[in-house]
J.: 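Could you have a look at this structure, given as structure tokens, before my questions?
Side chains included, hydrogens not; waters and symmetry mates left out as well; all remaining heavy atoms used. Note on naming: letters A, B, ... go to the chains in the order of the sequence lines (proteins, then strands), and numbering restarts at 1 for each one.
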Number of protein chains: 2
Amino acid sequence: MTMNSRQRFLGTTQQHAYVHLREMILSGVYTGGQKVNPAKVAEELGVSRMPVREALRQLDSEGLVTIRPNRGAVVTALTAADVLEIFDMRAVLEGLAVRCALPLLTGEDIEELEDRRRRMDRVRAESKRWISRHDEFHDFLCVQSGRPRLTAEIARLRASVQPYLQMYIASHPSPEMTGFEHDGLMELVRERDEARAEEFMREHIMSAAHGVIEYLEHLENERDVGAAMPAAGSTAEAA
Amino acid sequence: MTMNSRQRFLGTTQQHAYVHLREMILSGVYTGGQKVNPAKVAEELGVSRMPVREALRQLDSEGLVTIRPNRGAVVTALTAADVLEIFDMRAVLEGLAVRCALPLLTGEDIEELEDRRRRMDRVRAESKRWISRHDEFHDFLCVQSGRPRLTAEIARLRASVQPYLQMYIASHPSPEMTGFEHDGLMELVRERDEARAEEFMREHIMSAAHGVIEYLEHLENERDVGAAMPAAGSTAEAA
DNA sequence: AAATCAAAAAGTGGATACAATTATACTTAT
DNA sequence: ATAAGTATAATTGTATCCACTTTTTGATTT
């Protein structure tokens, strides 16, 4: 049962640990602020602490965990401000990506893009699948820019907010995804209007961001008033 | 003489190794494509291979070295296309940074910025010092955006092309740095014109990029013709 | 002389062992 | 009762050791 999954895994043990931890964080099993015990993780995977440490170091560089010297690693907890910052960065970078991709897109590419947009629309009701196809749509466009570093960076930023996006979605059952925006984008793509497509992409991403950010601000406010006067209730009780 | 510099270094051995390797790469002592021998580095620093390995893993995540499983680490060698990609990313991100900083800047901040611009201009002739002060000017503006992740990412991108910038500078003795552009930026900052300041910053960064990129393309062409027909010269000689 | 293969050397990845640091629990004093 | 201090446990950081992979070298064959 706890049969060592290392056996089936191809590649180095470090990669195995990296993939495992990353999945755990992105899927929300390890939640923000939580300490990561390397010894436990190592035992779970049936490996030593060393490859786990290296995986954590890598995840730290990518922003998913935060290592403090001699004090261990914690899963990075993002504030609403952090999430805003990340979306802002993604917005300008993905704007750049469309701008670069536009002159390189063949008619075939545009057809494929249109296809993906339709596939996305088809599952508008199921938020999880829609998100996944939405990501694929965006990713396809990024890849067509012929800029691997840009594409990777955008993917990294997208991943780092993923758990928060999922929380938001979970708390807003069936928010009827706004797919129509992509029609506007497709139109600008066909017209090969670089400037307007870039601008449109920026606005599109930030409009998606607002929901998540407001949700997180709401949570933070709730938590703050709760933490600021924890004595209020008990004082009343005592009195 | 080879007195173990670890003694004087505060912090973990891993940090020591990281700082050391980073300096070596950024200063150009380790040049692009070169293999890094962890055992040698470890001995030089008077530490074991383990912290060196972790430092390399981190540098890999940051793009300064490339680790291939079972085949060691090499200093990342960037092509002209890579450098263009990085400058493009920096341009849009730093555009975002000014836009965010503008509404937050106090009169004092603007004075300080102006001060830095003057200090930069004062050493226009000495390219090394000018570069350094130029970076500080840009960094100050980034910090004022109140976006730590954005600031860090921009710094990372700037660092990754630093060796190439230095090569370019070295091969173009005293290119009479174009400081005047910053006057235009300062004007837009004072007017608090977010949109135009963002656009200006983008263009400013890309104009700085062109020199480096052309230089690298030139080098690549030279290398390519040299490699494509290495017999050409010797054939002529033989004939 | 060039190509192929085998064996050795070098190098990388991972595990265990040990040292140093931080966190926790317990005591003691105010 | 609370706070400070100390002892102990837990965790983190580093080094050494071993196994496995890649690279190099040299011998052999065509």
J.: Sequence neighbours left out, what passes side chain to side chain donor-acceptor pair (under 3.5 Å) with A/Q144? Give chain and number order.
T.: none
J.: Measure the distance from CG on A/D60 to P on D/dT12 and round it to the nearest whole Å.
T.: 14 Å
J.: Could you list the residues that satisfy side chain to side chain donor-acceptor pair (under 3.5 Å) with B/R116, not counting sequence neighbours?
T.: B/E112
J.: Throw together a table of side-chain donor-acceptor distances under 3.5 angstrom for residues 24-32 of chain B, partners on residues two or more places apart or in other chains.
T.:
{"from": "B/S27", "atom 1": "OG", "to": "B/E23", "atom 2": "O", "distance (Å)": "2.8"}
{"from": "B/S27", "atom 1": "OG", "to": "B/M24", "atom 2": "O", "distance (Å)": "3.4"}

J.: How far apart are the closest heavy atoms of B/S160 and B/L78, and which atoms are they?
T.: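 Scanning both residues completely, I find the closest heavy atoms to be O-CD1, 3.5 Å.
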J.: Strictly by side chain to side chain donor-acceptor pair (under 3.5 Å), give each pair with a member in residues 93-102 of chain B just once, sequence neighbours left out.
T.: B/R90-B/E94, B/E94-B/H138, B/R99-B/E198
J.: Using a 4.5 Å cut-off on heavy atoms from C-beta on, say whether the side chain of B/V74 contacts that of B/V65.
T.: no
J.: Taking the minimum atom-to-atom distance to the side chain of A/T13, which one of C/dG14, C/dG11, D/dA15 wins?
T.: C/dG14
J.: With sequence neighbours excluded, tell me which residues meet side chain to side chain donor-acceptor pair (under 3.5 Å) with A/E54.
T.: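 Side chain to side chain donor-acceptor pair (under 3.5 Å) list for A/E54, sorted by chain: B/R53, B/R57.
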J.: Nearest-Å distance, NE2 (B/H16) to P (D/dT14)?
T.: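 Distance, rounded to whole Å: 12 Å.
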J.: Quick one: list whatever passes ring-ring contact (aromatic ring centres under 6.0 Å, His included) with A/Y215, sequence neighbours left out.
T.: A/Y168, A/H172
J.: Going by salt bridge (Lys or Arg N to Asp or Glu O under 4.0 Å), name the pairs with one or both residues in residues 61-84 of chain B, residues two or more places apart or in two chains.
T.: A/R149-B/D82
J.: In whole angstroms, how far is the P atom of C/dT24 from the CG atom of A/N37?
T.: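 Going from A/N37 (CG) to C/dT24 (P), I get 12 Å.
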J.: Could you state the atom-to-atom distance from CD of B/Q15 to P of C/dT21 in whole Å?
T.: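 The distance from CD of B/Q15 to P of C/dT21 comes to 13 Å, rounded to the nearest Å.
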J.: Pull out every residue in residues 61-73 of chain B that has a heavy atom closer than 4.0 Å to any atom of DNA chain D, ordered by number, or say none.
T.: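 Contacting residues: B/N70, B/R71.
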J.: Taking CG from B/L45 and P from D/dA15, how many angstroms apart are they, rounded to a whole number?
T.: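 In whole Å, D/dA15 P lies 10 Å from B/L45 CG.
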J.: Which ones in residues 49-58 of chain B lie close to DNA chain C, meaning a heavy atom under 4.0 Å from one of its atoms?
T.: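 Contacts with DNA chain C under 4.0 Å: B/R49, B/M50, B/R53.
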J.: Of the nucleotides D/dT12, C/dG14, D/dG13, which one has an atom closest to the side chain of A/P38?
T.: D/dT12
J.: Considering just the side-chain nitrogens and oxygens of A/S48, establish if one lies under 4.0 Å of OP1 or OP2 belonging to C/dG14.
T.: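 So the side chain of A/S48 is outside the cut-off, no N or O lying under 4.0 Å from OP1 or OP2 of C/dG14.
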